[in-house]
Amino acid sequence: LAKTTQPISMDSYEGQEVNITCSHNNIATNDYITWYQQFPSQGPRFIIQGYKTKVTNEVASLFIPADRKSSTLSLPRVSLSDTAVYYCLVGERPSSASKIIFGSGTRLSIRP
Amino acid sequence: DSGVTQTPKHLITATGQRVTLRCSPRSGDLSVYWYQQSLDQGLQFLIQYYNGEERAKGNILERFSAQQFPDLHSELNLSSLELGDSALYFCASSVRAGQSNTEAFFGQGTRLTVV
């Protein structure tokens, strides 16, 4: 499983765009990049997944350069409710035999 | 609502005791994953079951065991409990036959307090 490195914590303000970068130098050909969000005392929730280039959904964008050794989660116009821990995961998609491994995550704090 | 149900939500027990945590996966999901999250710590992968069989194992203690039943619900058994076992225990489900499975869906967790 590819090891991921992401900032321990980040601070921002309401209305700003927040970019969280994750490094994964040992990403394998079959690996996808997936981001989850976790609020205190709740289970993680899927945000977005990508393999290469750019993926966008209703809550975030994911930018992946051509070498796939890093990725950036972009949250547009954050609000207080975006305060959470964000996990970057690199690995194969869930299958009949797969470990879904979480790293330490980035603790994002949004201020008014 | 993720569709994954965990019971009980809270559990308080004494050291040395044994408890069973239950997880009902999303309808149609064949895989169940168990995680432990201690206070302000990350999610530690414990074990994965697929259609009743153990398929992947993490750093699960020998005092812990799990199983997945024919109806696909799963139970995590924790025995000889120690104070350090106090944590949130999450169950997740995924993997539907014939589909491209992108994500795991997590339950709300069981908060275990060992006193």
Side-chain angles (χ1 to χ4, degrees), chain A residues 1-9 22 30-52 55-60 62 64 71 73 83-109, chain B residues 1-6 9-10 23 25-26 29-60 68 87-112:
Chain A
L1 293 168
K3 178 178 168 56
T4 60
T5 303
Q6 53 183 123
I8 293 173
S9 64
C22 180
N30 293 334
D31 287 347
Y32 285 76
I33 300 153
T34 310
W35 287 80
Y36 284 82
Q37 174 193 56
Q38 185 182 27
F39 298 114
S41 298
Q42 293 187 27
R45 186 182 69 166
F46 172 88
I47 300 175
I48 198 166
Q49 183 182 84
Y51 184 80
K52 60 181 179 180
V55 180
T56 298
N57 63 22
E58 63 276 10
V59 298
L62 178 60
I64 306 168
S71 58
L73 174 72
T83 294
V85 178
Y86 292 81
Y87 295 95
C88 166
L89 282 69
V90 171
E92 295 186 14
R93 282 175 160 173
S95 69
S96 60
S98 60
K99 299 181 180 182
I100 303 176
I101 303 297
F102 287 75
S104 302
T106 296
R107 189 173 298 273
L108 176 64
S109 298
Chain B
D1 183 8
S2 67
V4 178
T5 303
Q6 289 188 246
K9 286 186 169 47
H10 301 276
C23 170
R26 277 192 328 157
D29 283 357
L30 297 170
S31 258
V32 168
Y33 306 80
W34 284 99
Y35 291 83
Q36 178 193 56
Q37 187 170 39
S38 302
L39 189 63
D40 289 333
Q41 297 296 309
L43 285 142
Q44 299 297 316
F45 170 75
L46 297 178
I47 200 162
Q48 179 211 7
Y49 277 80
Y50 175 82
N51 206 19
E53 295 184 2
E54 180 188 309
R55 289 298 185 94
K57 213 166 186 176
N59 295 324
I60 186 168
Q68 187 180 27
L88 265 170
Y89 290 84
F90 289 105
C91 165
S93 76
S94 187
V95 191
R96 291 182 169 177
Q99 293 189 14
S100 176
N101 300 286
T102 305
E103 62 186 279
F105 296 83
F106 283 77
Q108 289 300 299
T110 293
R111 182 176 294 281
L112 173 66

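As the structure is a computational prediction, the values presented were derived from the model and not from experiment. Order of the sequence lines fixes the chain letters, A, B, ..., with proteins taken first and strands second; residue numbering starts at 1 for each chain.
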Side chain to side chain contact (heavy atoms under 4.5 Å, CB included) involving A:Thr83 - partner list, sequence neighbours excluded |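 Side chain to side chain contact (heavy atoms under 4.5 Å, CB included) list for A:Thr83, sorted by chain: A:Ile110.
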
Partners passing side chain to side chain contact (heavy atoms under 4.5 Å, CB included) against B:Gln108 (at least two apart in sequence or in another chain) |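 With sequence neighbours excluded, B:Gln108 shows a side chain to side chain contact (heavy atoms under 4.5 Å, CB included) to A:Gln42, given in chain and number order.
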
Provide the closest heavy-atom pair for B:Ser94 versus A:Pro94 in the form atom of the first, atom of the second, distance.
->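 That closest heavy-atom pairing would be OG-CB, 3.3 Å.
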
Over all atoms of both residues, closest heavy-atom pair of B:Leu43 and A:Pro44 =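 Looking at all heavy atoms of both residues, the closest pair is CD1-CG, 3.4 Å.
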
Region of A:Ser95 in contact with chain B, defined by heavy-atom distances below 4.5 Å =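 Only the backbone of A:Ser95 comes within 4.5 Å of chain B.
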
Toward chain B, the part of A:Tyr32 with a non-hydrogen atom under 4.5 Å |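 Answer is neither: A:Tyr32 stays 4.5 Å or more from chain B.
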
Interatomic spacing from CG in B:Leu46 to NZ in A:Lys99 - rounded to 0.5 Å =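 Spacing of CG (B:Leu46) from NZ (A:Lys99) equals 11.5 Å.
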
If you count heavy-atom pairs under 4.5 Å with chain A, which of B:Gln6, B:Gln44, B:Glu54, B:Lys57 comes out on top?
->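 Highest number of pairs under 4.5 Å: B:Lys57.
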
Sort out for me which of B:Gly58, B:Ala56, B:Gly42, B:Gly107 touches chain A most, counting heavy-atom pairs under 4.5 Å.
->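 Answer, by heavy-atom pair count under 4.5 Å with chain A: B:Ala56.
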
Going by atom types alone, do A:Ser98 and B:Tyr50 pair a side-chain donor with an acceptor below 3.5 Å?
->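 Looking only at side-chain atoms, B:Tyr50 and A:Ser98 do not form any donor-acceptor pair under 3.5 Å.
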
Between B:Tyr35 and A:Tyr36, ring centroids under 6.0 Å |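 For B:Tyr35 and A:Tyr36, the ring centres are not under 6.0 Å apart.
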
A:Asn57, CG atom: more than 12 neighbouring heavy atoms under 6.0 Å =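 Correct, the count exceeds 12.
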
Any donor-acceptor pair under 3.5 Å from B:Glu103 side chain to A:Phe46 backbone |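 No; judged by distance alone, with no hydrogens or angles, the pair does not exist.
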
Pick one of side chain, backbone, both or neither for B:Gln37, based on which atoms fall under 4.5 Å of a heavy atom in chain A.
->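 The side chain, not the backbone.
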
With ring pair (Phe, Tyr, Trp, His ring centres under 6.0 Å) as the test, would you mind laying out the steps for B:Tyr33 and A:Phe102 before giving the verdict?
-> CA-CA 12 Å; B:Tyr33 306 80; A:Phe102 287 75; 9.8 Å; no

